Every structure is written in C-alpha cells, then in structure tokens.
Q: 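Sharing a structure with you now.
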Amino acid sequence: MYFESLAALWDMDGHGIYVWLAYLLTMCPIIVMVWLPIKRFRQHWRWIEAESRRSGIDVGGAAGESAR
Amino acid sequence: MTEARDIDILHFCRSQTLRHLMLMVRSPSEVINPLLFFLLVIVLFPLGLGPDPEQLSLLAPGILWVVALLSNLMICMRLFVDDLEDGSLEQLAMARVPLSIAVLPQLLASWLASGLLLSLVSPIFGLMLGLPLEVAPVLVASLLMGTAIMLLLGAVGAALTVGVQRGGILLALLILPLYVPILIAGTRALNEALQGGDPTVALALLGAGVTGGLLLAPLAIAAGVRVSLEL
Amino acid sequence: MWRIIHQFGSPPWVYRFCDKVIPWLMPITIVALLVGSVWGLLFAPTDYKQGDSYRIIYIHVPAAVVALAGYYVMALAGLVSLVWRVKLADTAMRAAAPIGAAYTAIALITGAIWGKPTWGAWWVWDARITSMLILFFLYVGVIALFEAYENKSAAARACAVLTLVGTVNIPIIYKSVDWWYSLHQPASIKFTGESAIDPSMLYPLLLMIGAFYCLFAVTVLLNMRAELAWNHRDASWLKQLVQGT
Amino acid sequence: MTTALLEARDLSIHKGLRQLLKDVTLCVEPGDLWQLAGGNGIGKTSLLRSFARLASIEVYGDLSRCDDVLYVGHSASLKGAMTPRQNLKYHPSGLCTPTDTEIDGALAAVGLAGYENALTARLSAGQKRRVALARLFLPSGRLWLLDEPFTALDVAGVAVLEQRFRAHAQAGGAVVFTSHQSADLGGTLSVLDLEQFRGD
C-alpha cells in the first residue's frame, strides 16, 4: 500500500478531506441510482402479482390469451 | 375537375413571407416590444454597474450580446403559438412543399422584423454603454448573423415546445445552452474590434453558423412541428 | 409505401434481455468499482505537483467521460426511435437521461471539490468544467421536455429531435468554450492532465472508466426493466412471467 | 400504383396504452364519398388526421395515398387580422395560386359575397367556417379530408356543400369527411361506421 498507516491514508497530508468527500458524494448517488430502479421494479412486480391474484385470471398454461 | 395547379416552391415561399410580414405590420406590438425590451434591459446595466464609461465600455460587448440573446429568446417564444392555435401550422404541414422549406418564410419574416431591426438599432444602444462608433460596423455585422442563428435554433426549441402549456420557460431551458457558442463568438468579435485586433475570425465563425443553421435547423424544426401537431 | 418497419425489439424480447444481462453485469460492475477505487486510493503513487488530491481524478474523469458518452447513447436511441420507430428506443432514452444527468452532476461536484485544494476556489471557470455544466443543462433540458408532454410517445419523438440537435451542438460548444477559455486565461495546468500520465496512475483510471461504463449500462437496463414492468403491467406476456416464476 | 386515392389496410390507432381503433381497412376510389360515422370519442378525428398523416406516432399499419390532398380541420386556419380575400390568397396550404376572380367566385359560392374586404376577426363563427370552406370552391386537391364540415352551417350552407361534394366526386375527386349527423347525399355516399373497428 502507498500509505504507511491508516492515519496517513485518512489524512493524505491535508488533502484527505477533499478526496474522501468527493468519493462519498460520488458513491452515494451511484448507490441510489442502482437501488432505486430495483425497488421500483420490485414494487411493480408485486403490484402485478397482486393484480393477477385479485382478478383470479388463470394466465399461464394452454389458456393462452387471458380470459378477460 | 380543376387539377390543383402545380405548386411552385418559390412562389409559395414568397407568398408566405408576404403573409407573415403583413401580419406583423398589422400587429406592430409584436415587432416593437422586443426592441423596447432590448433598450430597457440595456438601461438596467449602467444603473446596476455604475455610470463610469470606462468600466461600462469594457463590459459593453458582453452586455449587448446577452441582451440581444434574451430578446431573441422572447421572440422565439411567440413564434408558432398563434399559427398552432388557428390551424395555420396544420395547413403548412399539409402543403405539398416539404415542411422544412415551408417554415423558412416565417423565420425570414420574423428575422426581418426582429433581428434586422435589432442589429441596425444596436449601435445607438452601444453608445449608451460607452461603445465607440468605430466598432459599430462589427457590432451590426455580428448581430445580424448572430440573431439569424439564434432565431434558427430558437425556432427548433419553439417547434418542440409550442404544443406544451407554459412552453416559454421550457424553451429557454432547451435553447440557452445552444446559444453559448454564438454568445462567445459574438462577444469575441466585438472585443477584438474594441482592442484593435482582428474580428474577422469570429465573424467568419458566425457566418459558418448561419450557413450551418440554415442547412440543418429546418430539418429539426420540421420534425418538431410534426411532433407538436400530434398532440 | 408508407409502411412501418416490423416492431424490432418487442417488449418481451427486451425484458428477457434485461433479465439475462443484469445478473452477470451487476457483479462485474461492483467488483470493477471496488478494485478500481481501492487501487486508485490506496496503491497508486501520489502526484508530485498536486499531492494526493489528484486521486479525485479516479472518479471525476470517468464520470465526465461517461456523462458525455451517455448523451451520445441517448442521441443514438433517439435516432433509432425516430428512423425505425422502435418503441424500445423511447424507453432506453427515457432511462438514460436521468442517469447521464447524474453522472454530469457527479463530474461537476468532484471537479469543484478537486478545484479547492489545487486552485483554491470551489468554482473555477475552467474550460472542461464549464462545458460539463452546459452538458448538464442539455440533459436537464431533455428531461424537462420529456416531462412536459402528456403523450409519452410524442415526448420520446420530441426528445429524439432535441438530443440529435444537442449532439450536433456539443462539439461546437466544447470547442467554443475552449476558445473562450484560451482567450481569458492562457492554458494553465490542464484539468484532466493530458500531460503524459504515469502508467501506475493510468491503469486504475482506465479500470475506473470501464467500471463507470458498466455501471451506466447496468443502471440504464435496470431503469428500462422497471419502466417496462410498469408500462406493460396488464400485458399478458408479463403476467405469465410473473405467474410462471 | 392502384388508382385508389387512399388505401388503408389494418390501420390501428393508439392513445397512450389504450387502443382506439384496430384493423381499419378502407379503399377510396376516385368518385367516392365516404362518411366516417361513430359516437363521440370513437376516434373519427384521429383516423382522419392519420389519413392526412398529421398523426403518425401512434398509428400502425399500411396507409398509402395520393399527395394531392386538401385538409380542413376543426380550426378554420384563418388569420383574424387579414381579410377573407387575403386569407385565401396567401393560404398556408398553398394548394393553388388563386386569382382574385376565383377567390371572389368562391366567397360568393359560400354566400359571403359582400365580405371580401371585411376583417375576418369581425365575422361570425359561421361566416369564418364558410371562409374556410370556400377553399373547396377554389382549384384544390383531388382527395378531400374534412373534419366535421357541416358544423356551424345553416341549412342553406349544408345544401351548397353537399352539392359541391357531388360535383367534386363526379369530376374524379373523392371526399372523406367525419360527421355525426347523417348527410343525405343520396346513393353515392358510403358510410364507414367505426364501431366495428373499436379497439379493446
């Protein structure tokens, strides 16, 4: 590792605050950008499940076109 | 049955330009308001920055161009709105002339009534900002070309936002980033002229902008109009 | 003959494509991001001029590169949806716009933070940063236009036109901002360090750029899958998939 | 190219996720008079606009037609600040370059003889509608696509219009118009009831 100790890594002779702040402000949006669509997709998926269970349509199998 | 006479594009463009010029003459406020706006906003800057001519003349190129840009934006906000409301835009799309050519007459008429007048009047406003008269030819030339490109780009934004309620603010958001190169080239031309440098490079760039705009922008305007007609 | 070309890339096909690609692309992206960051932060040598603050380059440059590439991806999707009227290109464009805007924002924020130690000011009107700011407004313009239309198919067509116009203008904007910058401030240190960069610093940078590209692809696919699931919530093919699993 | 002026094969029109019309098939030959009938909101105007190719984003299917088209929509496409004569002379559809005599003749035909130089803004809604319809009396396209041509017209106006339709059909043109009233154009009129194409 380039730095002798963890303290040196954290401090980075004075520039540490900027580097870690930049990384924090990058990783947070990235995590949100990845997590948000997954959450939305799961919501839609559960909604479709509930919808098809509520209207009791047998969608799969030979019936093919849903008997609406 | 009387076969519709074959359409002559030149005649169509001439008659449409005449039509729009006639409409502008009939509603003069549409022509005079942008000029008044231009004057009013220019007056604000000395009030804000102080009356001292040296300082003002340093900032004059930037001020003149930013204000020309904003008044051009104001013109573009009203560009297709009336025609969409009364159905003329629909008929224009139905004309047997390609739509990208059919929109040009209206732009020419708008430019004559706004860009041209603005450019010819700007040396007077320049004087108020301490801009010497020697620079006037470069100012007028750069504004003539600049307002033409800004109208072409603004028309693209106008075509896309005409079908939307309160499309004016949206138009500014879409189009101002595209105005940046014109602003840079225009102020560069003026600054070079002021400092005795050679403004022809910037003026040439503006000229390239006009020809490029005339070629490419109508395609985007036609596509934008077709989208707005779908709503 | 006015005839619409076959609906290439029908929703079910693209949905399955997303389902197939995401499971293996996601881990690759995470690994690449972690390795790149650790490599850049911990193992890469320091820069003799700027000191350790240069390590921000490992997120600033990839974000800037992908932000610009993202706009061209969006313009490509727009072109495909304009010319071949493929509905899926509309969803791709709608998915890519906010992500591209986010990357541009990241590039701006990290650029500003980087500017503080090296140039002493939070905001520096450097050519690169200014062009990035204008690119951000182009993205916001596309998103705003999309939200302004009620009829989303027309919105996609309008955004396609806008992105194509934007694509033509981006090089002009970048060149004119450089030209403007070179007049007022003769080239001081180039922000993104075109100067020959030492290989030990370069490899983590290339890895991070690759990681950001994968991340862009994954987030776009995730957004598209969520969008598809909502747009086709009452389509039978989706119900079968939901029932089937 | 067949002699048909307009040919639509399994055209389907969507509005968002809802399908307005599906499998619309229509072939308009020279001399035809077609009325698109159906309740409100069935999609008459959308179908007519898709024929005019003003609506094309959410329209799928095959549609081919001649280019020589005259379209009159709901709005009268007239400028209030101009006189009826100028409106017709400089009309944006630019279908033809009418001479003044032709314009006066057309305006007289729709019963606006004395109004050539009055400002269009001062005319009543019915009169504005007539100025718009005066375009049918000028040399114009072979295929007419008219949206609710009979609205805001009195009985005399309707009769004049029906007579013009018959004359245009006999001269080898064709008219496709939407109207929820039943127009008595005798045998030549064929009615396309859009109920049969209602989407799901």
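Chain letters run A, B, ... following the sequence lines, proteins first and then strands; every chain starts at 1. Just so it is clear, the values below take in all heavy atoms, side chains as well, and ignore hydrogens, waters and symmetry mates. Values in this document were obtained by computation on a predicted structure and should not be read as measured data.
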Q: Please say whether more than 12 non-hydrogen atoms of neighbouring residues, nucleotides or ligands are located less than 6.0 Å from CH2 in C:W237.
A: yes
Q: Out of C:R225, C:M26, C:K116, return the one with the most heavy atom pairs under 4.5 angstrom to chain A.
A: C:R225
Q: Can you tell me how far OG1 of C:T219 sits from CG of A:L36, rounded to the nearest 0.5 angstrom?
A: 11.5 Å
Q: Non-hydrogen atoms of chain A under 4.5 Å away: do they reach the side chain of C:L222, the backbone, both or neither?
A: both
Q: Nearest 0.5 Å please: distance from the CD1 atom of C:I56 over to the CG atom of A:L21.
A: 8.0 Å
Q: Could you tell me which residues in residues 15-25 of chain C have at least one non-hydrogen atom under 4.5 Å from a non-hydrogen atom of chain A, sorted by residue number?
A: C:Y15
Q: What closest approach, in Å, do C:A229 and A:I48 show between heavy atoms, and which atom pair accounts for it?
A: O-CD1, 3.9 Å
Q: Please classify the contact of C:M224 with chain A as side chain, backbone, both or neither, using a heavy-atom distance under 4.5 Å.
A: neither
Q: Is it the case that more than 12 heavy atoms not belonging to C:Y203 sit under 6.0 Å from its OH atom?
A: no
Q: Quick check: closest heavy atoms across A:T26 and C:F212, and the distance to 0.1 Å?
A: CG2-CZ, 4.2 Å
Q: Any chance you could measure C:I30, atom CD1, to A:I30, atom CD1, to the nearest 0.5 Å?
A: 11.5 Å
Q: Report the C-alpha separation of C:N223 and A:M33 in whole Å, then their side-chain angles, then the decisive distance to 0.1 Å, and conclude whether the side chain to side chain contact (heavy atoms under 4.5 Å, CB included) test is met.
A: CA-CA 9 Å; C:N223 265 344; A:M33 267 196 305; over 6 Å; no
Q: If I measure from the heavy atoms of chain A, does C:L42 come under 4.5 Å with its side chain, its backbone, both, or neither?
A: both
Q: Taking atom CE of A:M27 and atom CG of C:L34, what is their separation to the nearest 0.5 Å?
A: 7.5 Å
Q: Is it the backbone or the side chain of C:Y103 that comes under 4.5 Å from a heavy atom of chain A, or both, or neither?
A: side chain
Q: Give me the atom names and distance for the closest heavy-atom approach of A:E49 to C:V242.
A: CG-CG1, 3.1 Å
Q: What distance do A:L25 atom CG and C:I113 atom CD1 have between them, rounded to the nearest 0.5 Å?
A: 4.5 Å
Q: Name the option with the most non-hydrogen atom pairs under 4.5 Å to chain C; the candidates are A:W47, A:F41, A:W20.
A: A:F41
Q: Considering only heavy atoms, which portion of A:I38 lies under 4.5 Å from any heavy atom of chain C: side chain, backbone, both, or neither?
A: side chain
Q: If you take all heavy atoms of A:H44 and C:A226, which pair is closest and at what distance?
A: ND1-O, 3.2 Å
Q: Using a 6.0 Å cut-off, check whether atom CG of A:L24 has over 12 heavy atoms from anything other than its own residue.
A: yes
Q: If you take all heavy atoms of C:I106 and A:P29, which pair is closest and at what distance?
A: CD1-CB, 4.1 Å
Q: Using 0.5 Å steps for rounding, measure from the OG1 atom of C:T110 to the OH atom of A:Y18.
A: 15.0 Å
